[in-house]
2 protein chains.
Amino acid sequence: MKIKSLYKTIYDDLVSKIMSGYYKEGQKLPSEKELDQLYHASRTPVRQALSKLESDGFIYRLQGRGSFVSDNRPKQLWTRMTGFTNYYLSEWEKITSRTIDVEKVPAPAAISPLLKLTDGDSALLTKMTRIRFYEGDPIIYLQHYLHPRFPVESLQSNENFFSIAEILNEEFQVKVARADEEIEAIMADDYLKDVLQLDDAHTPLIKVTRTSYTAADEPLDVNVYYVNSKRWKFEVSFRQSEKNFEFF
Amino acid sequence: MKIKSLYKTIYDDLVSKIMSGYYKEGQKLPSEKELDQLYHASRTPVRQALSKLESDGFIYRLQGRGSFVSDNRPKQLWTRMTGFTNYYLSEWEKITSRTIDVEKVPAPAAISPLLKLTDGDSALLTKMTRIRFYEGDPIIYLQHYLHPRFPVESLQSNENFFSIAEILNEEFQVKVARADEEIEAIMADDYLKDVLQLDDAHTPLIKVTRTSYTAADEPLDVNVYYVNSKRWKFEVSFRQSEKNFEFF
DNA sequence: AAGTGGTCTAGACCACCCG
DNA sequence: GGGTGGTCTAGACCACTTC
């Protein structure tokens with residue numbers, strides 16, 4: 001049993017106090033000195049916790065004034081990571097998934113470079129096709145390409161999983177540290193119209209190509225998915241504490 | 001003349017050494033102890049610098065092994081903030097802008113809540129319409145809605161600026177700390193087809209609604225823009241150092 | 001002047017990886 | 001066992017805001 005670090009304990013406690021409304025939007029948190037005493041800690045772990053709260057969007061800090069609960073704090077921790085908004089706030093459980101197909105395929109030309117596969121590397125990779133539903137309506141069509149170094153045979157048998165990251169973590173002790181997404185607008189073709197049950201003759205979709213990596217920059221999988229953005233709002237949040245960044 | 005903090009000096013030096021290739025992709029950086037000596041500093045500022053390098057995507061750190069230059073390090077610092085890829089790497093100067101129109105308008109219903117304007121607040125806000133070109137071809141159509149507390153009269157006269165953030169910073173000493181974007185796929189209407197010079201009868205566009213905020217969560221402006229994603233690739237990067245996040 | 005967050009020192013011990 | 005990054009202590013001084 002690993003003991004949680006002190007700063008993580010402080011972070012978790014503050015998150016729960018913010019989420020529960022003990023500290024309300026816009027409210028000032030205790031000063032760093034007061035938090036030192038509250039948690040019987042020195043300033044370093046307290047500041048580590050506050051720093052993480054800030055980068056996770058729970059609070060903002062103003063020099064000379066204090067730390068305050070953010071008005072736009074994340075409603076769910078997964079929001080920014082999945083890229084999907086909490087539009088259906090706390091209705092996450094209404095989302096279901098269905099695995100359509102699992103097969104071994106040679107890497108498509110568009111996928112190989114993203115997984116850093118060399119031309120000579122002809123290893124088959126696992127391709128998985130899934131659909132996500134909201135209240136029974138199909139909203140996202142997904143294709144997953146797993147890196148060949150993961151011989152995932154268990155996918156066929158294990159139908160009722162939620163995330164690929166979950167499986168990678170449990171079966172291979174691999175953690176996702178980073179993900180890049182490329183976003184395009186495309187027209188739905190006949191097949192997508194069918195699976196996503198689109199009525200209009202010309203429906204635009206968001207196509208996202210997501211590549212996920214370990215902390216050591218090794219690609220884990222490529223995920224191409226098509227979103228009916230009329231049903232789902234796609235949301236992204238940028239933070240830049242320090243420098244004034246260029247804008248439109 | 002303000003003196004730059006020590007950790008920022010170390011950060012800037014390491015960035016330039018990575019960008020220049022002095023430290024190459026995948027290469028191990030000097031250990032924290034060695035950096036202490038190199039910069040005649042204690043561990044705190046060195047770790048602050050490394051921490052920022054990591055969150056900015058320049059390096060990754062592995063416990064027990066060292067810090068390494070990332071294979072996917074940012075080619076330009078602005079990339080992740082603007083949301084646009086360096087697809088036309090180092091050709092940023094080929095991007096030009098034209099201001100079509102600047103006017104005072106009542107806040108549209110879709111914009112008011114984003115700027116946190118109350119119903120009673122009937123102040124006019126500055127609306128600016130612009131187009132961005134790449135090598136003379138129009139690729140982005142933008143509408144800017146500035147919060148009423150900025151009475152920007154200088155926009156009319158100052159035609160050749162680059163970013164709104166620049167003006168907010170210089171005229172009002174206001175810094176952008178955060179931006180949220182909502183992304184949709186839409187069909188180009190006749191007007192957009194015209195200004196973006198789209199040939200196809202049915203061209204899908206990416207519509208982005210971006211709201212920018214100060215560090216204190218005050219909305220500064222709303223920016224609605226339409227992108228021809230056939231010409232521009234839209235790119236987003238997510239990082240999560242700590243916890244294993246949920247995935248598709 | 002008092003209070004706050006931002007930076008920095010000079011140590012210490014722990015957890016993890018590798019030879 | 002030696003080297004690395006991760007956590008933590010107990011201080012110090014600085015920059016900024018508020019009164």
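Small disclaimer: the values here were computed from a predicted structure and weren't measured. When reading the values below, keep in mind they use all heavy atoms of this one structure, side chains included, and skip hydrogens, waters and symmetry mates. Order of the sequence lines sets the chain letters (A, B, ...), proteins ahead of strands, with each chain counted from 1.
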For [X] and [N], is the shortest distance between a side-chain N/O and OP1 or OP2 below 4.0 Å?
| X | N | result |
| --- | --- | --- |
| A:R43 | D:dG11 | no |
| B:S67 | D:dG5 | yes |
| A:R65 | C:dG5 | no |
| B:Q63 | C:dC17 | no |

Task: Min side-chain heavy-atom separation B:T214-A:Y60 under 4.5 Å - done: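 Counting from C-beta outward, B:T214 and A:Y60 never come under 4.5 Å.
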Task: pair B:Y39-B:D13: side-chain heavy atoms closer than 4.5 Å - done: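 Touching, per the 4.5 Å side-chain cut-off.
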Mind calculating the distance between [atom1] ([X]) and [atom2] ([N]) to the nearest angstrom?
| X | N | atom1 | atom2 | value |
| --- | --- | --- | --- | --- |
| A:K8 | C:dA15 | NZ | P | 17 Å |
| A:I10 | D:dT9 | CD1 | C1' | 13 Å |
| B:K52 | C:dC8 | NZ | P | 14 Å |
| B:E32 | C:dA10 | CD | C1' | 15 Å |
| A:D36 | C:dG5 | CG | C1' | 12 Å |
| A:H40 | D:dT9 | NE2 | P | 12 Å |
| A:Q48 | C:dG5 | CD | C1' | 16 Å |
| A:K4 | C:dC14 | NZ | C1' | 18 Å |

- [ ] Give B:T44 one of three labels, base, sugar-phosphate or nothing, depending on what nucleic acid heavy atoms sit under 4.0 Å from its own.
- [x]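 Base, at least one base heavy atom under 4.0 Å.
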TODO: Name the nucleic acid region contacted by A:L62, choosing base, sugar-phosphate or nothing; use a 4.0 angstrom heavy-atom cut-off, strictly under.
DONE: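 Sugar-phosphate: the residue A:L62, judged by heavy atoms under 4.0 Å, touches backbone atoms but no base.
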Task: Nearest-neighbour nucleotide for the A:R61 side chain, C:dA15, D:dT7, C:dG6 considered - done: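 Looking only at heavy atoms from C-beta outward on A:R61, the closest nucleotide is C:dG6.
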Open item on the list: Of the options C:dG6, D:dC8, D:dT4, whose atoms approach the side-chain atoms of B:K28 most closely?
Closed with: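 Closest nucleotide to the B:K28 side chain: D:dT4.
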Task: 5′-ward residue of the pair B:P30/A:G64 relative to DNA chain D - done: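 Of the two residues, B:P30 wins.
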Open item on the list: Minimum heavy-atom separation for A:I10 and A:A49, please, with both atom names.
Closed with: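 Heavy-atom minimum between the residues: CG2-CB, 3.7 Å.
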Open item on the list: Can you tell me how far apart NZ (A:K104) and CG (A:L125) are? Round to the nearest 0.5 Å.
Closed with: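 Here the interatomic distance stands at 8.5 Å.
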Open item on the list: Regarding B:D221 and B:S212, do their side chains bring together a donor and an acceptor under 3.5 Å, going by distance alone?
Closed with: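 On atom types as modelled, these side chains qualify, holding a pair under 3.5 Å.
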